[in-house]
Every structure is written in structure tokens, then in C-alpha cells.
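Here's the structure, in C-alpha cells; my notes come after.
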4 protein chains.
Amino acid sequence: MPENQQTEESPTRRERTEDRPRRRQARGERRIAQLLEAAASVFCRTGYTGASTNAIAREAGVSPGTLYQFFPNKEAIAVGLSDQLLEHWATSHGQALAAENTSLPLDRMLDAVLDPLIAFNVENPAFGVLMHAPDTPGRIIEEIGTLHGAILTRVEDLIAARLPGGPADQRERTANMTLMLFKAGLTLVMAHEGAERQAYITELKTVMYRYLEPLLGEDGAGGH
Amino acid sequence: MPENQQTEESPTRRERTEDRPRRRQARGERRIAQLLEAAASVFCRTGYTGASTNAIAREAGVSPGTLYQFFPNKEAIAVGLSDQLLEHWATSHGQALAAENTSLPLDRMLDAVLDPLIAFNVENPAFGVLMHAPDTPGRIIEEIGTLHGAILTRVEDLIAARLPGGPADQRERTANMTLMLFKAGLTLVMAHEGAERQAYITELKTVMYRYLEPLLGEDGAGGH
Amino acid sequence: MPENQQTEESPTRRERTEDRPRRRQARGERRIAQLLEAAASVFCRTGYTGASTNAIAREAGVSPGTLYQFFPNKEAIAVGLSDQLLEHWATSHGQALAAENTSLPLDRMLDAVLDPLIAFNVENPAFGVLMHAPDTPGRIIEEIGTLHGAILTRVEDLIAARLPGGPADQRERTANMTLMLFKAGLTLVMAHEGAERQAYITELKTVMYRYLEPLLGEDGAGGH
Amino acid sequence: MPENQQTEESPTRRERTEDRPRRRQARGERRIAQLLEAAASVFCRTGYTGASTNAIAREAGVSPGTLYQFFPNKEAIAVGLSDQLLEHWATSHGQALAAENTSLPLDRMLDAVLDPLIAFNVENPAFGVLMHAPDTPGRIIEEIGTLHGAILTRVEDLIAARLPGGPADQRERTANMTLMLFKAGLTLVMAHEGAERQAYITELKTVMYRYLEPLLGEDGAGGH
DNA sequence: GATGAATGAGGATTCATTCAT
DNA sequence: TATGAATGAATCCTCATTCAT
């Protein structure tokens, strides 16, 4: 039965010259989305090492052969998933890390940055699984590094904007620490629900506020 | 001291004056130590799920059968390892979390508590691996929980000693957050060496000082 | 009671001149008895193939090494057990198959023969397990054959005594069938308890009576 | 009507327009047959406990992985085999136990019932192995019970038809005994060949005739 | 003689991956 | 392209047997 193409994927579409050969690809895109969704679900349940490609295929409702038509191996699935999450982040919450937030007072900035980040993680729990990735083999780490690094860079930028004069290595340490703080707090946030989760969100913001305030707050950029 | 753990025998046991249970314990005890050391090493490299019992046996220089003479299954190895680490901690650094530290000024207290904790983790990197344990099966979590819980309790005690009037749930959240902060910072510490590691240790203490100071500092113990 | 030596194999026993050095052997005899008892128990639970020598040693309360000091391998344990059972039978119930029963009326003879046989089996359930031995490797079959054959021979003798004129091959078939009938009925007997067991014993005797009566019953040997 | 047996799909394909469930069944079905045949052969040689799944796979000329694509574990192979045998019996010899035989004179009835049963066992020696199944784990016993029970029920029916007035428990005992007699005789039949086998078949019928004749024969249903 | 340790091949089962249709 | 079959090495674990003390 002839399928109609391109139902959903690839939100940033700038079809320059090619949208002819896409016809055939449409189904493929959907398959990939299916598979990545299944992978996210399985990774969340069992971690990367514990996930079997057969289990992912089954969860996606396809045969193992089909999975391997789109991903050359298990690693590529994780990489593909992190790519997708990164892109999803960029298009849906990405502006949270945008430069304009730099000028807000620290507490407002933390709200502006953390709330979308937390929301994103709540919506995409696989993100956290891949980030922590304590058992993922080499190449994935790098790819994860991209994702990790993207956030890291943003954090560093934010710091640099407010504290332009500091030494680079200290700035890097602060960025790293800030990111780790966030990941730690996020774990706690994810581990609770409802009011308790809210309380942990507040607590996380408190941690970060107190940590960053002496550096960024005061008369800093957003000060006055 | 006579220890009998998992294996099986010793059906009729009435220890008058002797230690029948385990006669040939010398070699066995050494093997167990060897195996746990090997397990620590392999777990660090590959995580729990990724570790194969054959790899652990090989690392320990024994046959798979020998491993299974001392541990009934893979889980038991991790449990045994966490037990050993817990005991090792208790005997060698345990006093770090002791009550007397409660009366120190916050910054001194952080030194007193964190330095041994960090030192222990540096010496026993498997500790961190088991703690994070994102993919470990049920029973280990509980055992790890013991370990985790032991620290958590200490942290809560410390907080309660300084802040006796606060609501219990907030205190619990603070304890949890403190522990997570530590784990997060520790990751960074472990990921670096030499001067950089020192810098991260300082940074971690800064984070914790700033987080806890408003709650515990002031006039409390250390006024500042 | 003077013990006969026979440390392990040597199915063909010809005690020349030695029975002095037996003093030291006493403990060994007890060990062997212990081990065979344990083996009987384990074989009953799991069958020969399913039984592990370690399990037998454990059941006997000794170490695997000790077991192998008395039996060169697993097969030898089964062989030793069947030897022991055979001997036990010979000394305690053996007269059941004795020649004098030959002259009894068939129903009385069946009582005289079957009751001890059943009693023996009830007391030594391992006997049945080894007899059926559906999964026992080659050599055991032969040894079992001895045991099996011993009974078979008796049965044949009984038949021959009553039916001296028949063709040998038919007599052999009748003996085989009689034995199999008994084993079949015994299974049913063993599978029940109390009154039901009694009923099956009666039923078994009925079977055998009806089968053998035309051959052996009536007045003298050759009925009709 | 659509039948699905153990795997899950339907080998007999006559559904209107869709055959989604299992497309690539041809090869698979053949493999299953191959594997069951191999399993029958190996079970006959070594019994259930002694059979290794690798040996079965090897006998079938496939890799272990392939075996596990069709059977989740060793038990399932035995269950699948008994299912297949049961079905094979039902379709090829099943009418032997049909009700109409009830009205034949006992000797004719025994021929009508036993000959197909014996023929079936000769053709499918694994049947006997599974039936005796002295070492098979729990679930198989149940499945075997089905098989066993199917025959038992038939036997009971036959007896009930001829002897409607008897007490139920005695009828059950007679059925059990009859079945056991058959199994015992069958062992003898299977253990011989040619003329000797024929002689044992006759002997078996004699046993059963003499056992059942007083109950069923005479003026019984089909008597005279 | 007894023990517990040691062995290593083998057993059931899984899994990432490839192949034929 | 999609499927399910096929693979075989690897996994966890067991077991008969031997060794050192």
C-alpha cells in the first residue's frame, strides 16, 4: 500500500534542492524514530550494557534485521539517540541556554535555565541515562561528550559573560562543577514526584544559587 | 575469627573450643581477597553488568570454578566487595564521620569529613562504581543501600546536631542533596589528577560550604 | 562383627588370606556406608545422571576428596550401592526366593516371594531407582544387570521347578515378563501409601497370579 | 478452525486475506521438525537429563542459537516433543482407543488396542523415554501427564464400558495397573526384535488378557 | 585419611550481528 | 525494505575429578 511520506520527523526542514528522493526515505525516518523511541525506553529500563538489540527491535515491533538496516551496531543506536535528544533539545528548549538569559539576575537566570532543562529531562528520561552512562563503551562517551559538552559550553559562556575577567581554568572548573551539580540534583529530582519533586527542584536551585552567587551575583552583569 | 559465609557445610556445629567451621581458611581467605580485588578492578573497568565472572577469575589468576567456590554468583561478588569496602572504611577512615566533628566550625568540619572520604575513594575507586551502580540488580542495590545509608545517616546526624529545630523532611532533603553533591564532586575529583584534582577538591568544599553555611554556619559551631 | 575389606572395586571378591589389617579399615567401612547411604538418598531424589558427587559428599557430611578416596568415580558409587543392596537383600530377605517356596501353592508362593520383595523395596527405594536406571551409563547397566539378573535367575528357577518340561526360551520370556510385571506393579505400590498401597499390592498379586496360574498353578506344576 | 500449538502462529494457513502472524514459517517449521527429531534421538540415547541442548542442536545440524530461536529452554523441547507425539498419535493411530472397540470380545479388543499402540512405540521410541521420564523436571511431568492421562482415561473408559457397576477406585486401580502392565511389556517388546519381539507381544497380550478377562470378559459387554 | 581448594571442560542460554527470502 | 532464521562466541554457572596440606 502506498504510504504518504513525511508525516512528522525532521522539524528543521530546509529543503533546498532535494525533496524528490525523500519519498522513499519517509518510511525509513519513521522507522528510525520508532527504533530510537524503543531504544530510549529499553535503555531507561536496563542501561546501555543491559539492553539487547533484540529487545529494542521487539519493543519497536520490528525484526532484528530491520533494526540493523538503520543502525550498523548497538553503539550507533545510542549515538543516534543522543543525537536525536540533542536536536530535540535544541529545537524545543534550546533557547533556555541562549545568551539573553545572561543579563537576568541570578535567581531569574537559574529559573530560566534550569526549568526547561529539568522539564526536558523529565520528558526524556533517556537523556539522563545516557549522560550518566557509567557503563557505555568508548565511542559513545565521545558522542555523549558532544551532548555533555554542548551544555558545558553554554554554562561556561554564561559564566564568562558575567565574570569576564577570571582565569580560564577556574572558569572551566566552575562550569564543570556547575554541570555536575545539576546532574546530581537532577537525579534527586527524577527520583521523586509531585510536591517532593518540587521541593528538590527548589533545593537544587538553592545549591546552585549559593554556589554561583559569589561569582556571578552581586553587582554582576544582571546586577544593578 | 571463624567466619562461615555462603558455601554450605557445617551441618552439626557446636563449637566447644575450636574453630572447625573453616579449617583450610588460610588459602581460601586469600583467594577471596584476591577475587574481590580482581572484581574491584574489573567492575571499575566495565561496570557491574559489563563485568564477566570469567574475566574476574582470569584477573585473579584462577579458574572460573574457583571463583564459584567462594561466591555463589555474580551478585554475591558485588555484595562481597561492597561489604569489604564498607568494613574497610569503618576500620580505617570511619571516625571521619564521628560525632565529635559536629562541634567544629563548618570549614574545619568539611575538611575533617571530606578529606578522608575523598582519600578513601581515591584508594578504592570501586567504591564509587558500586555506589553509582546504575545497572546493578536488586539485591546489590539494597546492600549498596547499606553503604549509601551509612553515610546518609551520618550526614543527617551532622545536620541535626547543628540544626536541631528544623523540619525533618527538609533535613532529609538537605542530607540527600549533600550526599549527591559529594558524589558529583567526587566524580570530578576522580576524573583529575595532581594539582587539578586538588583544585576540584577545593571547589567541592566551596560548593558544600556555601550550601550548608546558611543552615549550619552562623553562630552555630563555627560562626565564621 | 568382622568386616570384610574391599576398599573399592573388585566385584569379583576372593579373599585369600588377609583379614588382619582390617583394624584400620573400620573407619573406612563406616565412611563407605555413610557415602552409600547418602548416594541412595541423592539418587532417589535426582536419579543417577542428576546426582552430583559433590551433593553426595555433602549429604554424607564429608568433603569431595574423601568421597574419591573410596570410590574412583561416580559410576563406582552406583555400582557399590547396587552391590550393597544386593548383599543386604541376600542377608535379610534372600530366603524369600529360596527353593523351598517352590512347593507352595501359587498364591502362597506369591505371598512368600512378593511380600519380602516389596518390603525390601519400600525400605530401600534406591533399589528401584537403580533398577529402572533409565539414564545410567554403560557399565552400571551391567552391574545392575547382575542385580537384575540375580532376581531373574531366581524367578526362572521357580518357574523351572514348577514347569520342568517347557521350552527354555518360553521359560525365559515368562521369567522376564514376570520380573517386568513385578517392577511395574512395584512402581504403583511405591507411588501410594497406606490402604491404597495395600490395595495395589493385592492388585499386583492378582496380576501375577492370573498370569502364572495357568502355567504353574492348579495341582502340580503344569496345570492344564 | 485455526489451531496454534506451541510456537504461536498457525501453520495451516487458510485465513482469508491475511497471513501476517508468521510469514517465514516454512523454514522455521522445518527446523522445528528437525529439532524435535534430533531431540527424540538424543533423548533416546541419553535420557532427558543426560541430553544436552548443544548435542540436540548438533544432531539437528544447527547452531545452539538456532535451537533457542524455537524453544525457550530445554524443557520446552521435551514438552514440544511430547506434544508432537501426542498429536502424531491422535492423527495416525488414535482411533485404536476409540469407543467402538469397547464392544469387541476381549482378545480382539486387545489386538485392536495394543497393536497400534505397540506399532506407534516402535516407530517413536522417544515416546517411551518421555513416558518413563524418571528424571524429568516438574513441568514436563505435567505435560507427560497429559499424554499419560490421555491413555489412562481411554483405558478407564474401556473398563467402565464393560464394567459399569464397579467401584470407581477399583476401576482406577485397574486402569493404572493395566497401563503399567502395558508399559512394562512394551519395554520387553522394544528390547527385542523380529520373532522374539513377536513372542513378547503375544506374551504381553496374554498377561493383559488373563488380568482383564475375569473383569471384562465372560459375558461382559462383548463376551459370549 | 580428611579437608577444602583448584581445575577446566561442559551445560544452558543470550546476544550482537548477518543472511536468505 | 522487512522479515525471521541463522550464527557462534560469550555468559553464568556446575560438575567430576585432582591436588596440596
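In what follows, chains are A, B, ... by sequence order, proteins preceding strands, each numbered from 1. These numbers were taken from a predicted model, which means no experiment stands behind them.
D:Tyr48 contributes atom OH, which lies 5.0 Å from atom NZ of D:Lys74 (distance to the nearest 0.5 angstrom). To the nearest 0.5 Å, atoms CG (D:Leu130) and SG (D:Cys44) are separated by 8.0 Å. Note that the CD atom of A:Gln34 and the CD atom of A:Glu29 stand 12.0 Å from one another [nearest 0.5 Å]. Taking CD of B:Gln69 as the reference point, atom OG of B:Ser63 lies at 8.5 Å (rounded to 0.5 Å). A distance of 6.5 Å separates CG of D:Leu67 from CD1 of D:Ile56, quoted to the nearest 0.5 Å.
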Task: Strand DNA chain F in bracket notation, Watson-Crick/G-U under 3.5 Å with | for pairs to another chain - done: .||||||||||||||||||||

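Between B:Tyr68 and B:Thr53, the side chains place a donor N or O and an acceptor N or O closer than 3.5 Å (distance only, hydrogens not considered).
Put simply, CD on A:Glu75 is 12 Å from C1' on E:dA16, counting in whole angstrom units. Distance C:Leu35 CG to E:dA2 C1': 12 Å, rounded to the nearest Å. F:dA2 atom P lies 9 Å from atom CD of A:Gln34, rounded to whole Å. Look at CD1 on C:Ile77: it is 11 Å from C1' on F:dT17, rounded to the nearest Å. If you take CG of C:Asn73 and C1' of F:dT18, they are 13 Å apart, rounded to a whole angstrom.
Checked against side chain to side chain donor-acceptor pair (under 3.5 Å), B:Glu59 has the following partners two or more places apart in sequence or in another chain: B:Ser41, B:Arg45. Among residues two or more places apart in sequence or in another chain, the side chain to side chain contact (heavy atoms under 4.5 Å, CB included) test is passed with A:Phe70 by A:Arg31, A:Ile32, A:Leu35, A:Thr66.
Residue pairs meeting the salt bridge (Lys or Arg N to Asp or Glu O under 4.0 Å) criterion with at least one partner in residues 47-57 of chain B, sequence neighbours excluded, do not occur; the list is empty.
Of all heavy-atom pairs spanning D:Ile77 and D:Ala39, the tightest one is CG2-CB, 3.5 Å. Counting all heavy atoms, side chain and backbone alike, C:Ala51 lies closest to C:Val42 at CB-CG1, 3.6 Å.
The side chain of A:Tyr68 contributes no N or O atom lying less than 4.0 Å from OP1 or OP2 of E:dT18.
Interface residues of residues 36-44 of chain A facing DNA chain F, ordered by number: none; criterion, heavy-atom separation under 4.0 Å.
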Task: Base-contact (B) and sugar-phosphate-only (S) positions in nucleotides 6-11 of chain F, heavy-atom cut-off under 4.0 Å, - elsewhere - done: BBB--S

